[in-house]
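Here is the structure we will look at, set down as structure tokens.
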Amino acid sequence: MSAADTPRSGTQWGRIDLHAHSTESDGTESPRELVLQAHAAGIGTVAITDHDTTAGWADAADAAREVGIGLVPGVEFSSQQQWASVHVLGYLLDPAAPAFLTERERIRVERVERAQRMVERIGADYPLTWAIVQDHAAPGATIGRPHIADALVSLGIVADRSAAFDGILHWRGGYYQPHRAPAPTEAVRIIRAAGGVPVIAHPAARGQATMDERVIAQLVDAGLMGLEVEHRDNPPEAQEWLRRQARIHGLITTGSSDWHGRGKPNLFGEHTTSAEALDAIVEAATGAEPILPA
Ligand code: AMP
Ligand code: FE
Ligand code: FE
Ligand code: ZN
């Protein structure tokens with residue numbers, strides 16, 4: 001970053017929410033609508049962090065400039081630690097960085113094949129087909145279990161996404177299939193190599209029970225820069241522990257909603273990030289620029 005770009009410190013970001021999904025992955029609203037709804041909810045700066053894609057950045061940026069809120073372009077990168085799926089948020093990375101491009105494409109293909117395997121298994125017991133699932137995903141979207149959930153809802157098999165995740169789509173539901181993804185340390189390195197700022201998403205959520213002191217130390221060695229502490233899936237005691245880990249390793253801490261539109265009950269602003277934390281993220285990033293609030 002050149003001297004002319006700084007100082008950003010002191011930017012009036014407003015209320016900051018750094019984790020939200022659009023129809024480019026498993027959210028129910030377009031990138032533009034994501035920004036409009038964040039604005040309507042009183043958010044001053046929002047991040048778009050779709051799973052394994054940056055395709056929503058341009059439309060989100062147009063909408064952010066239109067309504068005058070800040071936008072932090074990001075991604076929620078899939079990784080796999082033994083049996084557990086670990087999500088790594090990457091902020092302000094260069095979406096064209098070669099290692100990121102290659103791995104991102106690989107994961108997206110793996111996700112389709114894995115969803116097809118799950119649909120095949122579910123289809124043995126329910127009238128579900130791959131074509132119905134595709135009807136519930138926007139063209140080019142990163143495919144995930146939520147799209148299968150929406151198909152099951154449309155068939156009247158479950159009431160909503162949550163019911164699908166509690167039963168048929170649960171990892172112990174009898175139909176679950178994992179998808180391959182890089183190790184979390186590799187995901188962190190890829191985001192750093194793209195000039196981005198890696199932050200472990202909801203580190204204490206059930207699927208990420210492998211997160212312990214040793215794993216965090218390894219991730220820090222790989223270049224980890226932050227932990228998403230305030231998130232509805234991190235139990236309060238775990239948040240305290242995560243804050244201690246952040247102090248020990250000098251990590252940034254964030255808080256966010258993980259908004260998915262109508263796909264999840266998570267509401268914009270239910271958790272927020274401090275201006276100091278966002279200043280530190282912007283300061284550290286070299287891959288992309290945020291859009292500043294008007
Ligand atoms: P996948 O990445 O395909 O394994 O699907 C996991 C995604 O499903 C996560 O990123 C969540 O956003 C979403 N998800 C998990 N649990 C629920 C739920 N109970 N209701 C709606 N979406 C969920
Ligand atoms: Fe999601
Ligand atoms: Fe996640
Ligand atoms: Zn998310």
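Each ligand, and each atom within it, is numbered from 1 in the order the structure gives.
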Original post:
For residues Thr142 and Arg108, is any side-chain donor paired with an opposing acceptor at under 3.5 Å?
Top reply: yes
**OP:** Considering only non-hydrogen protein atoms, determine which one is nearest to atom 2 (O) of ligand 1 and report residue, atom name and distance to 0.1 Å.
**Re:** Arg111 NH2, 3.1 Å
**OP:** Specify whether an N/O/S atom of Asp258 falls short of 2.8 Å from the Fe ion (ligand 3).
**Re:** no
**OP:** Looking only at protein heavy atoms, identify the closest one to atom 21 (C) of ligand 1 and say how far it is in Å.
**Re:** Gly263 O, 3.2 Å
Original post:
Is Glu113 paired with Arg180 through a side-chain N to carboxylate O contact shorter than 4.0 Å?
Top reply: no
Original post:
Under the 3.5 angstrom rule, does the side chain of Asn234 hit a backbone N or O of Ala204 as a donor-acceptor pair?
Top reply: yes
Subject >> His271 and His19 aromatic centres sub-6.0 Å >> reply: no
**OP:** Report the C-alpha distance between Met225 and Tyr91 in whole Å, list the side-chain angles of each, state the deciding distance to 0.1 Å, and finish with yes or no for side-chain contact (heavy atoms from CB on, under 4.5 Å).
**Re:** CA-CA 10 Å; Met225 300 181 86; Tyr91 296 113; over 6 Å; no
Original post:
Of all N/O/S atoms in His21, which lies nearest to the Zn ion (ligand 4)?
Top reply: NE2
Subject >> Metal check, the Zn ion (ligand 4) vs His87 N/O/S, cut-off below 2.8 Å >> reply: no
Subject >> Which residue and heavy atom of the protein sit nearest atom 7 (C) of ligand 1, plus the separation >> reply: Asp26 OD2, 3.6 Å
**OP:** Output yes when Arg117 and Glu120 qualify as a salt bridge under the 4.0 Å nitrogen-oxygen rule, no when they do not.
**Re:** no
Original post:
Centres of the His260 and His21 rings: under 6.0 Å?
Top reply: yes
Original post:
With under 30° as parallel and over 60° as perpendicular, where do the rings of Trp259 and Phe268 fit, or are they tilted in between?
Top reply: parallel
**OP:** Report yes if Arg161 has an N/O atom closer than 3.5 Å to an N/O atom of ligand 1; otherwise report no.
**Re:** no
Original post:
Is it true that Arg32 and Asp62 have a side-chain N and a carboxylate O under 4.0 angstrom from each other?
Top reply: no
Subject >> Top protein contact for atom 20 (N) of ligand 1, by heavy-atom distance >> reply: Ser162 OG, 3.6 Å
**OP:** Evaluate the side-chain contact (heavy atoms from CB on, under 4.5 Å) criterion for residues Arg161 and Thr28: first the C-alpha distance (whole Å), next the side-chain angles of each, then the deciding distance (0.1 Å), finally the verdict.
**Re:** CA-CA 11 Å; Arg161 280 190 180 186; Thr28 60; 3.9 Å; yes
**OP:** State the atom name: nearest N, O or S atom of Asp258 to the Zn ion (ligand 4).
**Re:** OD1
**OP:** Answer yes or no as to whether an N/O/S atom of His19 is found below 2.8 Å from the Fe ion (ligand 3).
**Re:** no
**OP:** Could you establish whether Arg114 and ligand 1 come within less than 4.0 Å of each other, counting only heavy atoms on the residue side?
**Re:** yes
**OP:** Look at atom 18 (C) of ligand 1 and say which protein heavy atom is nearest, naming residue and atom and giving the distance to 0.1 Å.
**Re:** Phe165 CD1, 3.6 Å
**OP:** Tell me which protein heavy atom sits closest to atom 5 (O) of ligand 1, plus the residue, atom name and distance to 0.1 Å.
**Re:** Arg145 NE, 3.5 Å
Subject >> Whether His87 has an N, O or S atom under 2.8 Å from the Fe ion (ligand 3) >> reply: yes
Original post:
Among all protein non-hydrogen atoms, which one is nearest to atom 22 (N) of ligand 1, and what is the separation to 0.1 Å?
Top reply: Lys264 CE, 3.5 Å
Original post:
Which heavy atom of the protein is the closest neighbour of atom 12 (O) of ligand 1, given with residue, atom name and distance?
Top reply: His260 NE2, 2.7 Å
Original post:
His51 to ligand 1: N or O pair under 3.5 Å?
Top reply: yes
